[in-house]
Student: 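Can you keep this structure in mind? I'll have questions shortly.
Quick note on labels: first sequence line is chain A, next is B, and so on, each numbered from 1.
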Amino acid sequence: MKKQYWLMKSEPDVYSYDDLVSEGEGTWDGVRNHTAAIHLRTMKVGDEAFFYHSNIGLEIVGIITISQEHFIDPTDEKARFVAVKVKPVRKIANSVTLKAIKANPKLAAMELIRQSRLSVAPVRPEEWKEILKMAGE
DNA sequence: GCCAACGTTGGC
DNA sequence: GCCAACGTTGGC
């Protein structure tokens, strides 16, 4: 299957991009939303995702890659939800803010905009390219 | 199976 | 700190 693109949100005071970099590999657990969980289940090793800082920053700061496909979330006592493992790829040249994304008509259909509470969302290939362009890459 | 009440997320 | 959007729960 062709490589898929995602956007994954984290509050930087809880778990930031730099935290992931210093760990080398991170477990993306704690997702308790069914729609987000479906996306986690769809992810394949080698898929890439934007790392978005919610709450503080409100911007895409870097790129990560899926390093292990879904498994039972170890933090879920009922073992109903899943987690994946991720590794950092690189920081983007210039972080792309939510404000800039909202101001770009090409990105109006993004799940990030349409369903802002969703913590794991798909990104279309053309949106991926557009955001990289905005990041100065 | 419907819907009101409540909880959570996340932007402002 | 507030509120909108959405999900979940529980009474009927």
Student: Taking only residues two or more places apart in sequence, or in another chain, which ones meet A/D19 in a side chain to side chain contact (heavy atoms under 4.5 Å, CB included)?
Tutor: A/Y15, A/S16
Student: Under 4.0 Å between any heavy atoms, over every strand shown, what does A/K102 touch: base, sugar-phosphate, or nothing? Just pick one.
Tutor: sugar-phosphate
Student: Can you tell me which residue among A/I60, A/L7, A/L58 is in a side chain to side chain contact (heavy atoms under 4.5 Å, CB included) with A/I101?
Tutor: A/I60
Student: If you look at every heavy atom in A/T27 and A/A83, which pair is closest and at what distance?
Tutor: CG2-CB, 4.1 Å
Student: Please work out which of the three classes, parallel, tilted or perpendicular, describes the rings of A/W128 and A/F50, given edges at 30° and 60°.
Tutor: parallel
Student: For a quick check under 3.5 Å, do A/R117 and A/T35 share a side-chain donor-acceptor pair by atom type?
Tutor: no
Student: 5' to 3' on DNA chain C, which nucleotides open and close the contacts with chain A (atom under 4.0 Å from a heavy atom)?
Tutor: C/dA5 to C/dG7
